[in-house]
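Working notes for the structure below.
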Amino acid sequence: MSDAHTSHTHQEQAALKLAKMAGQIESFFAHYPEEKAISSIAEHINKFWSKKMRQDFMAAYEKNQSALTDLVGKALPQIRH
Amino acid sequence: MSLIKEIDYGTPIRISETMVTLTIDGQSVTVPKGTSVMAAAMSLGTKIPKLCATDSLEPFGSCRLCLVEIEGRRGTPASCTTPAEAGMVVHTQNDRLATLRKGVMELYISDHPLDCLTCSANGDCELQDMAGAVGLREVRYGYDGHNHLHDVKDTSNPYFTYDPSKCIVCNRCVRACEEVQGTFALTITGRGFESRVKPGPTDFFGSECVSCGACVQACPTATLMENSVIAMGQAEHSKITTCAYCGVGCSFKAEMQGDRLVRMVPYKDGKANEGHSCVKGRFAWGYATHSDRKTKPMIRKSITDPWQEVTWEEAIGYAASEFKRIQAKYGYESVGAITSSRCTNEEVFVVQKLVRAGFGNNNVDTCARVCHSPTGYGLSTAFGTSAGTQDFKSVVKADVILVIGANPTDGHPVFASRMKKRLREGAKLIVADPRRIDLVKSAHIKADYHLPLRPGTNVALINALSHVIVTEGLLDENYVRERCDLQDFEIWARFIADPKNSPEETEQFTGVPAADVRAAARLYATGGNGAIYYGLGVTEHSQGSTMVMGMANLAMLTGNIGRDGVGVNPLRGQNNVQGSCDMGSFPHELSGYRHISDDATRNIFESLWGVKLDDEPGLRIPNMLDAAVGGNFKGIYVQGEDIAQSDPNVQHVTAGLAAMECVVIQDLFLNETAKYGHVFLPGASFLEKDGTFTNAERRINRVRQVMAPLSGKHEWQITCELAQALGYEMSYTHPSEIMDEIARLTPTFSGVSYQRLDELGSIQWPCNEKAPQGTPLMHIDRFVRGKGKFMITDYVPTEERAGPRFPLLLTTGRILSQYNVGAQTRRTENSRWHQEDVLEIHPFDAESRGIKTGDLVSVASRAGDISLHAEITDRVQPGVVYTTFHHAVTGANVITTDNSDWATNCPEYKVTAVEVRRTNHYSQWQERNNEEDKIMRRIATDHVEAAE
Ligand code: SF4
Ligand code: SF4
Ligand code: SF4
Ligand code: FES
């Protein structure tokens, strides 16, 4: 029980960290026209995040896009998983 | 094998387009204009006797031993100070000259102790040689007059001794310190007979001397002599190899007696250093044979058990079986490796091959992750390649030097000496650094502008510099039009011209007066060749990659890429940072910076390696540690790295390591990370290695083995055996075969081989059909990516901000005598210069906290706290504190956080919000670490024999 609880918090923390990283990526590309910014964010994540990181990220936010910053949310469909 | 002796031309080799032809002793010779008669003679193989001249120094003309006769000229001019001229007819030997020279030698010898037989220079003494060369047989003046024979030796420096009784006052040491090193520590005091060399009013250790060894090397007698030579005598053979410390990559002659190292002498033909060195490479090699070295493989089941010495087969077999067990239980992605920038290209290459082919994933990363990964990302985005643009020599053509977030005199001392030489010749200097580093003001150097920005505001500053250039119309329009992508440029130009990027607006973030920023921008844009040199003060930020692109923007904007004297130049921290990145150590790319998802590239590797490769990027170091804490990453192979000391937020790192089931350490010592290890594989020092290092100029230098590996195995061999035990066949008979494989797989290395390296001395990549000699300067006519790419670099303040709880900003750095985590230098006499990490704090911040120099203070951040001693100095600005991270016991990285660069996850070491207060005890972490040091490093005494 407590194990499940800990791993849950870990998962949440891990997801939050990924969202923070994605948000940082957005802050770099945010100055480009929206379409380019979105594709650049997705491209960056596809290029540098491991498959599991991307899967964890999608699992945490695919149905909860509002928890993400605007452009990251919009980039989700372009992220490979 | 014999001793390698470079030719000494007596005076520097001049470069000139105009050649002059003269006759020396009846032979005709053609030399570049400006060459001395002495050097011209030497180019014919004619050695004119000399004492005060040597070709690393400008001629001085004091000893009068090098007299010659020149037809049509009166007297006997000194050949070292006389330039060769067209049509000159020179005689170097005749009776008159011989008599004059004998007379000179007699005078020297009359005040010289003639104890050649017991002298440390015996066999390597120019005075002795010259006495022989001029045929000195008697000394008429006698030795009973006034003399210096009983002068007291200065033994204060741990590495060399000054024996004034043997000094001939040739001034070579003084000039070496000035011209080569640029420290100006030595002077000649007294006049005439009384004159003697002095390191100021104190002894060598207490003086300005930085122990570079240039004076020792320049001294023609036993006056300045390495203590190791005094103790051991002269070497009998030598090999050329490369320093294993910083990214300058100096070439050295390792001078040996059998397999005992006598001394390291900088190699004159080494292109990175041209005969100069710093205290680390020259003297701090004692760690290689230090008693702390562990030379036997060891294993243990649990990190609380003592280590057990075992055979190689057992250790490697155990590691392999653990990795296999873990992969079977937790999945193939649950293990990975970290390669080391201190290891050779060949050693790094085989580790990443083991991961990709043996583990079957791409979980390989390198310590460059935590230093220069933003350089890779930023420069490849802007220019198309992950490397500096110039060779070091290029600095002699620079007119304005912009140093950002680097402290070359401490971190890259030999390059700093070159840079300082250029600055003394009149180049302008802009320093952007929160701290007043030595370059801002030191002997004969003064920065034209010091921009003391607040930590974390680099991007605001670089944008402001570009803003001034764009809005004041100082840009190089032709260059931008011809060389850069115009669409990107236009978008960027609109962004940068926005008043929010002006110096006046950004001053609120940077703290740098707008007027200074404007003036510095104008100077950089209009002062001639502008060269940028930068270090970890640029990269180790949450906007590290943005800043690298910001500098690339600035350089392209002013046309400062693609020729000598300009460029964007990363000063790499460790000896092989460039190489370890080139070798495919990053989880997303194969050697030569090709993305792992690229099918064509992967196919080439797959067909040579005979395995299918994963096409997905693997985990980076911070991701591995996060995954470990989360329970998904269970095994790691760490090659020559000490992440438990060097990586940020140490408690997170150690939590990750403690959560793993198999941690394999390959190192010289039981380092901090080894406390969490299960398998210890003893590594080899650079003296025991054959291979190559690639320095910050992309220069591939040979590392040559001078003694057998103490552990009995080469490091690449260990890795291959581990791969074999994992079930992947990997074997080589010599590291040259590994380089051949690298060349076959990597287009930028296709022309590189050991044979070619031996022929050329060193090679700067790319080296291939298009550039068979290598490539000193990049992007000459076009950028590697085609058109240069301007990127928008908006300033985004880091989340790490000073506030009420943590009101000060901590930034970290290195000092000259210690090297990174100190594993090597702490085990040498270098520690006499730096025994502990101290906290630099401004008088204002100290006073308001009641802190005095020497007080123990606690430094706390949101990540943790440590205690160390304070040093009050106005080198740092109010609101900023600074420390080094050389001593494991300090635990500087306990307080750094896990903030990181947006693009690469390179940690933000350079900005941590902290509070400092007086304390009377060490921190809990430090106390605990002290205890763990003892427990987690125990070695069982009932080792191998019992086990066998
Ligand atoms: S310094 Fe040279 S000349 Fe003098 S005693 Fe030593 S070996 Fe002889
Ligand atoms: S060791 Fe280097 S810094 Fe010291 S006195 Fe000699 S030349 Fe100068
Ligand atoms: S400058 Fe760097 S490479 Fe050169 S000797 Fe010093 S540490 Fe070694
Ligand atoms: S070598 Fe020319 S004067 Fe000394």
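By convention in this document, chain letters (A, B, ...) are assigned in the order of the sequence lines, proteins followed by strands, and residues within each chain are numbered from 1.
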Nearest 0.5 Å please: distance from the CG atom of B:Asp626 over to the CE atom of A:Met53.
8.0 Å
Below 3.5 Å, can you tabulate the donor-acceptor pairs from side chains in residues 614-621 of chain B to any protein atom, sequence neighbours excluded?
{"unit_1": "B:Asp614", "atom_1": "OD1", "unit_2": "B:Glu616", "atom_2": "N", "d": "3.2"}
{"unit_1": "B:Asp614", "atom_1": "OD2", "unit_2": "B:Tyr332", "atom_2": "OH", "d": "3.3"}
{"unit_1": "B:Glu616", "atom_1": "OE1", "unit_2": "A:Arg54", "atom_2": "NH1", "d": "2.9"}
{"unit_1": "B:Glu616", "atom_1": "OE1", "unit_2": "A:Arg54", "atom_2": "NH2", "d": "3.0"}
{"unit_1": "B:Glu616", "atom_1": "OE2", "unit_2": "A:Arg54", "atom_2": "NH2", "d": "2.9"}
{"unit_1": "B:Glu616", "atom_1": "OE2", "unit_2": "A:Arg80", "atom_2": "NH1", "d": "3.1"}
{"unit_1": "B:Arg620", "atom_1": "NE", "unit_2": "B:Asn623", "atom_2": "OD1", "d": "3.2"}
{"unit_1": "B:Arg620", "atom_1": "NH1", "unit_2": "B:Ala903", "atom_2": "O", "d": "3.4"}
{"unit_1": "B:Arg620", "atom_1": "NH2", "unit_2": "B:Asn905", "atom_2": "OD1", "d": "3.3"}

Give a yes or no on whether B:Gln487 atom CD has more than 12 heavy-atom contacts from other residues, nucleotides or ligands under 6.0 Å away.
no
Answer whether the closest heavy-atom distance between the side chains of A:Phe28 and B:Asp794 falls below 4.5 Å.
no
Atom group of B:Tyr795 that falls short of 4.5 Å from chain A, counting heavy atoms
neither
Relative to chain A, which segment of B:Ser545 carries a heavy atom at a distance below 4.5 Å: side chain, backbone, both, or neither?
neither
Examine whether an atom of B:Met624 lies under 4.5 Å from a heavy atom of chain A, and if so say whether it belongs to the side chain, the backbone or both; otherwise answer neither.
neither
Which residues in residues 43-52 of chain A have any heavy atom closer than 4.5 Å to a heavy atom of chain B?
A:His44, A:Asn46, A:Lys47, A:Phe48, A:Trp49, A:Ser50, A:Lys51, A:Lys52
Are the aromatic ring centres of A:Tyr32 and B:Trp492 under 6.0 angstrom apart?
no
Quick check: closest heavy atoms across B:Ile792 and A:His31, and the distance to 0.1 Å?
CG2-CB, 3.6 Å
Any non-hydrogen side-chain atom of B:Glu799 less than 4.5 Å from a side-chain atom of A:Lys20?
yes
